[in-house]
Amino acid sequence: MPPAISIFGAGSWGTALAIQAARNGSATMLWAHNPRHVADLNTDRQNRRYLPDKPFPANLAVTSNLKQAVEFGDILLISVPSHAFRDTLTAIKPMLDESPKIAWATKGFDGAEGALLSDVAADVLGHGAATAVLSGPTFAREVADDLPTALTVASISEPFAAELAGILHNQRFRVYTSTDIVGVQVGGACKNVLAIAAGIADGLGFGANTRSALITRGLSEIIRLGIRLGGQPDTFMGLAGLGDLILTCTDDQSRNRRFGLALGQGKSQSQALADINQAVEGISAARLTQTLAQKHLVEMPITEQVYNVLFNQLAPLQAVQNLLGRNPKSEY
Ligand SMILES: NC(=O)C1=CN([C@@H]2O[C@H](COP(=O)(O)OP(=O)(O)OC[C@H]3O[C@@H](n4cnc5c(N)ncnc54)[C@H](OP(=O)(O)O)[C@@H]3O)[C@@H](O)[C@H]2O)C=CC1
Ligand SMILES: O=C(CO)COP(=O)(O)O
């Protein structure tokens with residue numbers, strides 16, 4: 001019998017992961033903070049709002065009772081947006097046993113300074129918990145549809161990474177393990193900023209050459225920051241780095257890319273957000289990546305232009321011109 005798992009956050013990604021764990025045989029509990037949403041999920045046996053037409057397996061239960069969810073799972077997996085990560089961990093902390101196993105699939109930074117979520121977890125939980133992060137090129141809809149997908153689970157505890165991978169892994173869902181929690185988190189948070197940039201460029205009518213240049217130079221930015229923060233260079237060429245960057249910069253399933261597209265086409269941020277009506281992590285990630293880049297003296301020109309578009313009223317076309325107007329330099 002595989003370990004039981006509780007997943008916190010019933011958006012598109014938490015729901016897809018719950019379906020994946022359940023169809024792999026784990027007793028699975030999905031927690032949502034809104035009791036009315038939970039009532040709908042239990043009545044419909046599907047998540048009509050975020051993943052319509054994907055019926056829940058029989059071994060997937062849903063609750064809004066936090067204590068019930070914490071006590072249910074041998075492993076707890078957090079999949080709320082980054083703005084809710086610290087509060088969710090803080091709420092579950094008093095209910096945990098002495099050696100909890102806690103993972104997250106959230107992509108982003110926390111707080112005013114751009115803390116890694118692993119640092120938030122250490123801060124809230126202390127160092128007794130086994131922790132892991134799950135990241136990679138994984139659109140929720142495709143995972144729910146059982147389309148082949150590969151991703152990374154990173155933990156400094158190799159047994160915990162292997163245990164979590166074992167719960168989720170099957171022939172349609174390849175889970176690779178890593179010990180580079182820093183690199184995996186930086187890749188997952190920063191690619192959302194570049195997806196906004198790629199969307200802006202496409203929305204303005206630029207072509208495939210521009211998109212490829214943004215992806216490649218964007219990867220250089222991620223690598224520079226990631227190494228400065230302690231990540232391993234190889235990680236950024238893997239699933240949680242280049243893999244997720246390509247996915248979100250090139251496919252319109254990405255909310256971050258669609259947000260950028262809308263800005264490039266002249267929509268306001270509030271109109272673009274209202275149309276998407278889901279998490280767009282790249283907005284806060286742009287602010288916090290810019291903060292980290294300044295603090296650590298890392299050159300991140302594309303991120304800086306996205307930041308100025310989002311927070312300093314810079315026109316999208318001017319942002320592209322600012323990038324193109326930079327002095328010629330050596331590629332490496
Ligand atoms: N969707 C995807 O394909 C992937 C997403 N991710 C990451 O997963 C994380 C979650 O994203 P995703 O599921 O897509 O987001 P969605 O926008 O689909 O859903 C967000 C969910 O979070 C819930 N929520 C919001 N605030 C809180 C809170 N304070 N406490 C508890 N729950 C809250 C919302 O509930 P309500 O609406 O009822 O308020 C909603 O169920 C993000 O960091 C994202 O980057 C990673 C890989 C793939
Ligand atoms: O992280 C994701 C896929 O790996 C989802 O990307 P978006 O949040 O841009 O939709």
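All ligand and atom numbering here is 1-based and tracks the order in the structure.
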Asks: How far is atom 4 (O) of ligand 2 from its nearest protein heavy atom, and which residue and atom is that?
Replies: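 Here the closest protein heavy atom is D244 OD1, 2.7 Å.
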Asks: Does ligand 1 come near enough to H37 that some N or O of the ligand is less than 3.5 Å from an N or O of the residue?
Replies: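 Min N/O separation from ligand 1 is not below 3.5 Å for H37.
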Asks: Taking 4.0 angstrom as the limit and counting only heavy atoms of T106, give me the atoms of ligand 1 inside it, by number and element.
Replies: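 Once the distances to T106 are compared, the set is 43 (O).
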Asks: State, to 0.1 Å, how close G230 and V182 come at their nearest heavy-atom pair, and which atoms those are.
Replies: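 It is C-CG1, 3.9 Å.
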Asks: Quick one: does E158's side chain get under 4.5 Å of T177's, heavy atoms only?
Replies: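 No, their side chains stay 4.5 Å or more apart.
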Asks: Considering all heavy atoms of both residues, which atom of I102 and which atom of L89 are nearest to each other, and what is their separation?
Replies: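 Distance-wise, the nearest heavy atoms are CG2-CD2, 4.1 Å.
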Asks: With heavy-atom distances below 4.5 Å as the criterion, would you say the side chains of K54 and I19 are in contact?
Replies: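 A side-chain contact under 4.5 Å exists here.
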Asks: Could you tell me whether the side chain of R217 reaches within less than 4.5 Å of the side chain of E331, counting heavy atoms only?
Replies: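 Heavy-atom side-chain distance check passes, below 4.5 Å.
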Asks: Would you mind reporting whether D123 and R86 have side-chain heavy atoms less than 4.5 Å apart?
Replies: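 Touching, per the 4.5 Å side-chain cut-off.
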Asks: Looking at ligand 2, would K107 count as a contact under a 4.0 Å heavy-atom criterion?
Replies: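 Yes.
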Asks: Under a 4.0 Å heavy-atom limit, does Q278 contact ligand 1 with its side chain, its backbone, both, or neither?
Replies: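 Looking at Q278 and ligand 1, atoms from backbone and side chain both fall under 4.0 Å.
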Asks: Could you tell me whether some N/O pair between W31 and ligand 1 is separated by less than 3.5 angstrom?
Replies: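 Checking ligand 1 against W31, no N or O pair falls under 3.5 Å apart.
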Asks: Any idea which protein heavy atom is nearest atom 27 (C) of ligand 1, and the distance to it?
Replies: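 The closest one turns out to be H33 CE1, 3.5 Å.
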Asks: Parallel, tilted or perpendicular: which describes the rings of W104 and F85, with under 30° parallel and over 60° perpendicular?
Replies: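 Answer is perpendicular, since the angle exceeds 60°.
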Asks: Can you tell me which residue and heavy atom of the protein come closest to atom 29 (N) of ligand 1, and the distance to 0.1 Å?
Replies: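 Closest protein heavy atom to atom 29 (N) of ligand 1: A84 CB, 3.3 Å.
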Asks: Determine, stepwise, if the pair V298 / L292 fulfils side chain to side chain contact (heavy atoms under 4.5 Å, CB included).
Replies: CA-CA 8 Å; V298 175; L292 287 166; over 6 Å; no
Asks: Heavy-atom contacts under 4.0 Å between Q253 and ligand 1: side chain, backbone, both, or neither?
Replies: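 For Q253, there is no contact with ligand 1 at all, from either part.
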Asks: May I ask you to identify, for R255, whether its side chain, its backbone, both or neither come under 4.0 Å of ligand 1 on a heavy-atom basis?
Replies: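 Answer for R255: side chain.
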Asks: Looking only at protein heavy atoms, which one is nearest to atom 8 (O) of ligand 2, and what is the separation?
Replies: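 Here the nearest protein heavy atom works out to R255 NH2, 3.0 Å.
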Asks: Relative to the heavy atoms of F139, which atoms of ligand 1 are at a distance of less than 4.0 Å?
Replies: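 Numbered from 1, ligand 1 contributes 3 (O).
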Asks: If the cut-off is 4.0 Å to any non-hydrogen atom of L247, which atoms of ligand 2 fall inside it?
Replies: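 Heavy-atom distances to L247 below 4.0 Å select 3 (C), 4 (O).
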Asks: State whether the shortest distance between N or O atoms of S82 and N or O atoms of ligand 1 falls below 3.5 angstrom.
Replies: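 No: no nitrogen or oxygen of S82 is under 3.5 Å from one in ligand 1.
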Asks: State, yes or no, whether a side-chain contact exists between L229 and H296 at a heavy-atom distance under 4.5 Å.
Replies: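 Counting from C-beta outward, L229 and H296 do come under 4.5 Å.
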Asks: Do S254 and F139 touch side chain to side chain, with heavy atoms closer than 4.5 Å?
Replies: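 Yes. Closest side-chain heavy atoms under 4.5 Å.
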Asks: Does an N or O from G9, backbone or side chain, lie closer than 3.5 Å to an N or O of ligand 1?
Replies: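 So ligand 1 has no N or O lying under 3.5 Å from an N or O of G9.
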Asks: Testing the basics here: between Q20 and N170, what is the closest heavy-atom pair and its distance to 0.1 Å?
Replies: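 In terms of heavy atoms, the two residues are closest at NE2-ND2, 3.3 Å.
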Asks: Could you tell me, atom by atom, which parts of ligand 1 come under 4.0 Å of a heavy atom of A140?
Replies: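 Selected atoms, number and element: 1 (N), 2 (C), 3 (O).
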Asks: Of the protein's non-hydrogen atoms, which lies at the shortest distance from atom 2 (C) of ligand 2, and what is that distance?
Replies: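 Heavy-atom neighbour on the protein nearest atom 2 (C) of ligand 2: K191 NZ, 3.4 Å.
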Asks: Short list, please: which atoms of ligand 2 are under 4.0 Å from a heavy atom of N256?
Replies: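 Selected atoms, number and element: 7 (P), 8 (O), 9 (O).
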Asks: Show which atoms of ligand 2 fall inside a sub-4.0 Å distance from at least one heavy-atom site of G136.
Replies: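 With G136 as reference, the close atoms of ligand 2 come out as 4 (O).
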Asks: Going by the order shown, which atoms of ligand 2 are within less than 4.0 Å of some heavy atom of T138?
Replies: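 Atoms satisfying the 4.0 Å criterion: 3 (C), 4 (O).
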Asks: Which atoms of ligand 1 sit under 4.0 Å from any heavy atom of H83?
Replies: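 Matching atoms, with element in brackets: 26 (N).
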Asks: Looking only at heavy atoms, is any part of K107 under 4.0 Å from ligand 1, and if so is it the side chain, the backbone, or both, or is it neither?
Replies: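 It is both parts that get close, each with some atom under 4.0 Å.
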Asks: With backbone taken as N, CA, C and O and side chain as the heavy atoms from C-beta onward, which portion of A10 lies under 4.0 Å from ligand 1: side chain, backbone, both, or neither?
Replies: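 It is the backbone that gets close, since no side chain atom is under 4.0 Å.
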Asks: Take L194 and R257 through the side chain to side chain contact (heavy atoms under 4.5 Å, CB included) test and state the conclusion after the steps.
Replies: CA-CA 8 Å; L194 280 314; R257 176 179 156 79; over 6 Å; no
Asks: Given that the side chain starts at C-beta and the backbone is N, CA, C, O, which of these parts of Y50 lies under 4.0 Å from ligand 1, counting heavy atoms, or is it both or neither?
Replies: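 Just the side chain.
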Asks: Below 4.0 angstrom from a heavy atom of T138, which ligand 1 atoms are there? Numbered from 1 as shown, please.
Replies: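 Near T138, the atoms of ligand 1 are 3 (O), 47 (C), 48 (C).
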Asks: Using a strict threshold of under 4.0 Å (side-chain N to carboxylate O), is an ion pair present between E299 and R326?
Replies: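 Yes.
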Asks: Does the residue S79 have a heavy-atom contact with ligand 1, meaning some pair of atoms that are separated by less than 4.0 Å?
Replies: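 Yes.
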Asks: Do NZ/NE/NH1/NH2 and the carboxylate oxygens of R36 and D40 come within less than 4.0 Å?
Replies: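 Salt bridge absent between R36 and D40.
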Asks: Are side-chain heavy atoms of F160 and V153 found at a separation under 4.5 Å?
Replies: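 F160 vs V153: side chains apart.
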Asks: Using a 4.0 Å heavy-atom cut-off, say whether W104 meets ligand 1 through its side chain, its backbone, both or neither.
Replies: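 Answer for W104: neither.
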Asks: Determine, stepwise, if the pair V124 / T90 fulfils side chain to side chain contact (heavy atoms under 4.5 Å, CB included).
Replies: CA-CA 6 Å; V124 174; T90 303; 3.9 Å; yes
Asks: Hey, which atoms in ligand 1 end up nearer than 4.0 Å to a heavy atom of E281?
Replies: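 Listed by number with element: 42 (C), 43 (O), 45 (O).
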Asks: Report the part of A105 in contact with ligand 1, treating N, CA, C, O as backbone and CB onward as side chain, heavy atoms under 4.0 Å; options are side chain, backbone, both, neither.
Replies: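 The backbone, only.
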Asks: Should you measure from each heavy atom of A279, which atoms of ligand 1 turn up under 4.0 Å away?
Replies: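 Atoms satisfying the 4.0 Å criterion: 15 (O), 17 (O).
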Asks: For L66 versus A91, what's the shortest heavy-atom pair and its separation?
Replies: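 Closest approach of L66 to A91, heavy atoms only: CD2-CB, 3.7 Å.
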Asks: Between ligand 1 and R141, can you find any atom pair, the residue atom being a heavy atom, that is separated by under 4.0 Å?
Replies: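 It does not, in that no heavy atom of R141 comes within the 4.0 Å cut-off of ligand 1.
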